[in-house]
Amino acid sequence: MQFSKMFIPTLKEIPADAEAISHILMLRAGYVRQLAAGLYIYLPLGLRVIEKINKILKEEMNAIGAQEITMPVLHPAEIWQETGRWDDIGDEMFRLKDRGGRDMCLGMTHEEVITWLAAREIRSYRNLPQIWYQIQTKLRDEARPKSGVLRTREFLMKDSYSFDADEDGLERSYQLHAEAYHKIFSRCGIKFYMVESDPGMMGGATAHEFMAPSPAGEDEITLCDKCGYSANIELACSIPKKIDVQDWTFEEVYTPEKRTVQEVSHFLKLGPEYFIKSILLISDDGPVLALVRGDQELHEKKLNRIIGKHRPAQKEEVKDIIGVEAGFIGPMNHKMRIVGDTYLKEGIYVSGANKPHYHTKGIKPGKDFDAEWYDIHIAKEGDFCHKCNAPLGVERAIEIGNIFKLGTKYSVPLKAFYLDKAGQEKPIIMGSYGIGPARIAAAVIEQNNDKDGIIWPTSIAPFDVEILPLNMKDTKTVEVAEKLYKDLTGEGVGVLIDDRDERAGIKFKDADLIGIPTHIIIGEKNLKEGLVEIKDRKTRDVVKVTVEEVAEKVKTPG
RNA sequence: CGGGGCGUAGCGCAGCCUGGUGUAGCGCACCUGCCUUGGGAGCAGGGGGUCGGAGGUUCAAAUCCUCUCGCCCCGACCA
């Protein structure tokens, strides 16, 4: 491809609206343009990257026996009403009416549609298993589109769905996907982890996410280097650091105007880990007192699974219910439900005395108060693995893929049943698996860039090689460049030739920005000795080779 | 939806606080010519603006006030 004939609008300056590195570089290097919040146009270079990723997706999906189909983006409301999601999902679904006044929506995902299909077409265990997939546009009215292509309102997704006769079959389909995903992300040159995740509203019991570590990510994951435990922070378990059990006797301490753990900790010259933080919450079944150690944070989502929907109590409510203002609440002498963090059980602590300006020292859980014990703290850096006790790390990451075991959540309401060998009618056991190609592209850029631009891995680079004839007015340069272009292209190498009549500096800058992995630099001086340079974008290593050697060297780099 | 920031030429910005400096400015990009060709050159000339929009205050508004739209960031949300 000739640079001069391709629309590659590079930008010298950093666009004001971009913050994430991948966003800045995709805009600057001419891969995408933004139409509105969360809506992007893919320019020629950007599309080439997405298509290369899609090709890998298809190859690996086909390799596990998945079959490509394509489903509509516009859905009738009925199927969403049948699964209950028409009402469960709020503003995030784009809804509309057709001219006949029928309710419709734009597909955020395709469980409903594909289950509708399965319900109609699969009747016997003989039709199972099946894995169907598509690479299709999804629309979600995101509350906050952000970080360029990472979180958009319209995006492409590879979504596949498995249909099995039983749990064993589902496990097999799930594993096939996990393996395919490992291959896909490895081929795309991404550093990633597979982590345990919260199935959330998708339903089902088991779910994993594929996470590409990057500061631009929206998720946090905990990782254990020793045993490999890895989980989204939304459900990650951890053991807080051990503390020495004190031999304090039970006594009230005067703590005037000291309310927060930090204030009291400072006042009594004791580390925050010797405190019990008591937080009053209002659940649908009344007030609940949640307890975590002073150096830990309460995990709302974990607590949510135990006590259901809840909200923090307001100042007035605290006074009414406990009889003392927030800041002096302790776990003792309450009739209400108390949920304590498991790791609070051992030890002797300080907490509020339920009396203004007093705290109690020497509280022994189990003796001075009792509670239901669960892991309800947020795992953090410095905590220990609950499986092997090794130190845990916490990293930010971009979610690039996920796999869910759905079970019968969709097959039952949409009546996707089959007859088993015994002639018994049973619901199909389903799984759902997603990958966002745009997120792969963005994650790869986040992980592979330098001050000058993008550094693509060859597998998803828009081209394999860029030829830079430095002086287009020099006939010999042009002649050699065109010959190399023809030769390489003839051998199946994807080549971009910068045939613009621009100065060398501009060509170098643009080439670095765009990030094609190998550059062939043709300069007049070297050419006089019959030499051209092959430069590695990543290492910046340059080797001089004769014109004749180029094709061979490019094919076997290094 | 809560909090914050920003809308001035294609892009990046100054001017706004404290209204009036004459035709609203600068850099880059763009057009013409010359020159130049190994890291976003140089010289000369040139084109391009509803100052996001509406209303108001005023003799006078890019500047002050009200409303509104858009975009970004933090949080909430995220099937």
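Chain letters run A, B, ... following the sequence lines, proteins first, then strands; residues in each count from 1.
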Classify the nucleic acid contact of A/Ser147 as base, sugar-phosphate or nothing, counting any heavy atom under 4.0 Å across all strands shown.
sugar-phosphate
Who pairs with A/Tyr161 by ring pair (Phe, Tyr, Trp, His ring centres under 6.0 Å), at least two apart in sequence or on another chain?
none
Interatomic distance at P, B/G27 relative to B/C17, whole Å:
25 Å
Please encode protein proximity along nucleotides 3-13 of chain B as a string of B, S and -, counting only heavy-atom distances under 4.0 Å.
--------BSS
What does B/C71 pair with, Watson-Crick or G-U, if both distances are under 3.5 Å?
B/G5
Mind checking the P distance from B/G75 to B/U18? Whole angstroms is fine.
34 Å
d(CZ, A/Arg144; C1', B/G75) in whole Å
7 Å
Touch check for A/Ala36, heavy atoms < 4.0 angstrom, all strands: base, sugar-phosphate only, or nothing?
sugar-phosphate
Under 4.0 Å, counting only non-hydrogen atoms across every strand here, what does A/Ala37 touch: a base, just sugar-phosphate, or nothing?
sugar-phosphate
With a 4.0 Å cut-off on heavy atoms, is A/Arg28 in touch with a base, just the backbone sugar-phosphate, or nothing at all?
base
Is it true that a side-chain atom of A/Glu549 and a backbone atom of A/Thr546 form a donor plus acceptor pair closer than 3.5 Å?
yes
With a 6.0 Å cut-off (strictly less than), is the heavy-atom count around CG of A/Leu47, excluding the residue itself, greater than 12?
yes
Could you pull out all residues at least two apart from A/His299 that satisfy ring pair (Phe, Tyr, Trp, His ring centres under 6.0 Å)?
none
Base, sugar-phosphate, or nothing: which does A/Lys535 touch, judged by heavy atoms less than 4.0 Å apart?
base
For residues A/Phe163 and A/Trp132, establish whether the separation of their ring centroids is below 6.0 Å.
yes
Polar pairs (N or O, both sides) under 3.5 Å between protein and nucleotides 29-38 of chain B?
unit_1	atom_1	unit_2	atom_2	d
B/U36	O2	A/Arg503	NH1	2.9
B/U37	O2'	A/Asn471	ND2	3.4
B/U37	O4	A/Lys473	NZ	2.6
B/G38	O6	A/Asn526	ND2	2.9
B/G38	O6	A/Glu533	OE2	3.1
B/G38	N1	A/Glu533	OE2	2.2
B/G38	N2	A/Glu533	OE1	3.2
B/G38	N2	A/Glu533	OE2	3.2

What's touching nucleotides 45-50 of chain B from the protein side, N or O pairs under 3.5 Å?
none

Between P of B/C77 and CG of A/Asp219, the distance in whole Å:
13 Å
Of all pairs that satisfy salt bridge (charged side-chain N to carboxylate O under 4.0 Å, His left out), the ones with a partner from residues 464-477 of chain A, not counting sequence neighbours:
A/Lys52-A/Asp464, A/Lys473-A/Asp501
Just name whichever nucleotide pairs with B/C34, Watson-Crick or G-U, keeping both distances under 3.5 Å, else none.
B/G42
What's A/Asp474 touching, base or sugar-phosphate or nothing? Going by heavy atoms closer than 4.0 Å.
nothing
Please determine if a side-chain N or O atom of A/Lys146 lies less than 4.0 Å away from the OP1 or OP2 oxygen of B/C74.
yes
B/G47 versus B/A24 - spacing of their P atoms, nearest Å
14 Å
B/G4 versus B/G49 - spacing of their P atoms, nearest Å:
36 Å
